[in-house]
Amino acid sequence: MIGEIPGVPVGQPYASRVLASEAKVHRPRIAGICGTKSAGAESIVLSGGYKDDEDLGDVIIYTGHGGQDGSGNQVSDQSLDDSGNAALVTSHLQGLPVRVIRGSKSESVYAPQSGYRYDGLYRVASYGSKLGIDGHLIWQFRMEAALGTPTPVIEADQLPVDSPRSDANAPVGNDTPDRASSNVQRIVRSSQVKNAVKRWHSDQCQVCGITIETPGGTYSEGAHIQALGRPHNGPDRTDNVLCLCPNCHVKLDTGAIVIEDSLTVIENGVAAGSLRTHPQHTLSLECIRSHRERWRR
DNA sequence: GGGCCCGCAGGG
DNA sequence: CCCTGCGGGCCC
């Protein structure tokens with residue numbers, strides 16, 4: 001389950017990994033990353049297992065997994081083929097939220113005094129590779145606190161001796177949790193619809209035919225033909241979604257291209273080829289017409 | 001404190 | 001199935 005776990009507030013402590021696992025907050029009992037390449041990452045744990053990590057509170061530089069010898073030393077290169085790392089790449093490409101759990105063994109001032117603590121949702125802002133402290137290639141993911149995720153409280157005995165407790169360290173609840181979590185669930189649902197379409201087309205743009213290759217795999221965007229929400233109110237279904245490259249996505253959203261009932265693509269008033277199709281991917285003519293109506297001139 | 005080994009759930 | 005992993009307890 002991606003996003004918040006219902007009934008689990010930000011700041012929720014767990015005495016052990018087993019308890020966090022039973023609460024479904026972070027299911028693996030040992031591994032630091034939970035997730036799959038196809039669905040994205042559910043959650044990560046910062047527990048001091050990788051020395052290249054940096055914890056700045058609302059920003060975390062999180063090291064991917066793999067390449068260690070079992071006692072915390074990096075002895076070989078990490079790879080994006082590793083499932084956890086691939087999962088974080090997917091979360092980045094699709095803008096999906098990741099639950100963050102801090103453990104007491106992390107060196108960070110934001111670490112809990114003991115056990116583990118759920119610290120809310122973060123997004124994978126960017127990622128890249130570099131040579132780690134031990135001289136092997138590592139992949140790192142920049143995690144940024146999502147809107148509504150507070151910077152964690154610095155627990156009392158972590159404060160520098162002279163610094164008074166400030167209001168900034170007062171316990172923080174979750175602002176408008178219901179609305180935030182329903183937004184998250186809507187993003188997740190919508191991304192499942194888009195993923196189905198992208199899989200059918202193997203990330204090849206249905207308009208221009210290109211496939212973008214990245215170190216983390218191929219990339220495409222799921223583009224709604226009839227826009228979601230007011231005033232267009234398009235359905236979030238696969239028959240209202242196209243697999244497009246970012247350029248063609250912009251063109252579709254701005255009316256630079258429209259689509260005829262015959263699936264001919266019209267650009268600058270002239271036919272510019274035919275939409276690529278897939279047998280399992282039926283399209284809604286109603287949505288295509290609605291998009292055309294929107295950009296009639 | 002470090003080393004070891006027993007774990008099991010997740011993922012491919 | 002097999003393999004791995006930001007545990008954890010116990011022993012030294």
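Only this structure's heavy atoms are used, side chains among them; waters, hydrogens and symmetry mates stay out. Per chain, numbering begins at 1; letters A, B, ... match sequence-line order.
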## Note on the structure
For C:dC6, the nucleotide meeting Watson-Crick or G-U wobble distances (both under 3.5 Å) is none

### Separation of C:dC6 C1' from A:Arg102 CZ (nearest whole Å)
14 Å

### Query
Do A:Phe141 and A:Tyr62 have ring centroids that are under 6.0 Å from one another?
no

### Query
What nucleic acid atoms does A:Gly103 come within less than 4.0 Å of, heavy atoms only: base, sugar-phosphate, or nothing?
nothing

### Message
Does A:Leu131, at its CG atom, have more than 12 non-hydrogen atoms belonging to other residues, nucleotides or ligands within less than 6.0 Å?
### Response
yes

### Query
Of all the choices, B:dG10, C:dC6, B:dG12, which nucleotide is nearest to the side chain of A:Ala31 once you look at every atom?
C:dC6

### Query
Taking atom P of C:dG5 as reference, at what distance in whole Å does atom CD1 of A:Ile33 sit?
10 Å

#### Entry: Heavy atoms of other groups near A:Glu286 CD, more than 12 under 6.0 Å
no

### Query
Considering only side-chain heavy atoms of A:Arg29, which listed nucleotide, B:dC8, B:dG10, C:dG7, is closest?
B:dC8

### Query
With a 4.0 Å cut-off on heavy atoms, is A:Asp53 in touch with a base, just the backbone sugar-phosphate, or nothing at all?
base

### Task
Identify whether the distance between the nearest side-chain nitrogen and carboxylate oxygen of A:Asp55 and A:Arg102 falls below 4.0 Å.
yes

### Query
Whole Å only: how far is the NE2 atom of A:His26 from the P atom of C:dC6?
8 Å

### Message
Can you tell whether the side chains of A:Glu22 and A:Lys24 come within less than 4.0 Å, N to carboxylate O?
### Response
no

### Query
Is there a residue in residues 60-68 of chain A whose heavy atoms reach under 4.0 Å of DNA chain C, and which residues are they?
A:Tyr62, A:Thr63, A:His65, A:Gly66

#### Entry: Atom pair distance, as rounded to whole Å: CG in A:Leu19 and P in B:dA9
14 Å

### Residue-phosphate contact under 4.0 Å: A:Lys105 side-chain N/O, C:dG7 OP1/OP2
yes

### Message
Nearest 0.5 angstrom please: A:Asn240 CG to A:Leu283 CG, how far?
### Response
9.0 Å

### Task
Could you tell me the separation between the CG atom of A:Asp52 and the P atom of C:dC6, rounded to a whole number of Å?
14 Å

### Query
Using a cut-off of less than 4.0 Å, is there contact between a side-chain N or O of A:Tyr116 and OP1 or OP2 of C:dG8?
yes

### Summary
Whole-Å distance, A:Ile101 CD1 to C:dC6 P, equals 13 Å

#### Entry: Check ion pair A:Arg189-A:Asp236 (N to O, under 4.0 angstrom)
no

### Query
Side-chain N or O of A:Ser47 less than 4.0 angstrom from OP1 or OP2 on C:dG7?
yes

### Query
In whole angstroms, how far is the P atom of C:dT4 from the OH atom of A:Tyr50?
13 Å

### Task
Tell which nucleotide pairs with C:dC1, taking only Watson-Crick or G-U wobble pairs whose two distances are both under 3.5 angstrom.
B:dG12

### Query
Of all the nucleotides listed (C:dG8, B:dG7, B:dG10), which has the minimum atom distance to the side chain of A:Ile30?
B:dG7

### Task
In whole angstrom, give the distance that lies between atom CZ of A:Arg27 and atom P of C:dC6.
15 Å

### A:Pro28 side-chain proximity, nearest of B:dG10, C:dG8, B:dG12
B:dG10

#### Entry: Note: A:Arg292-A:Asp261 ion pair, threshold 4.0 Å (strictly below)
yes

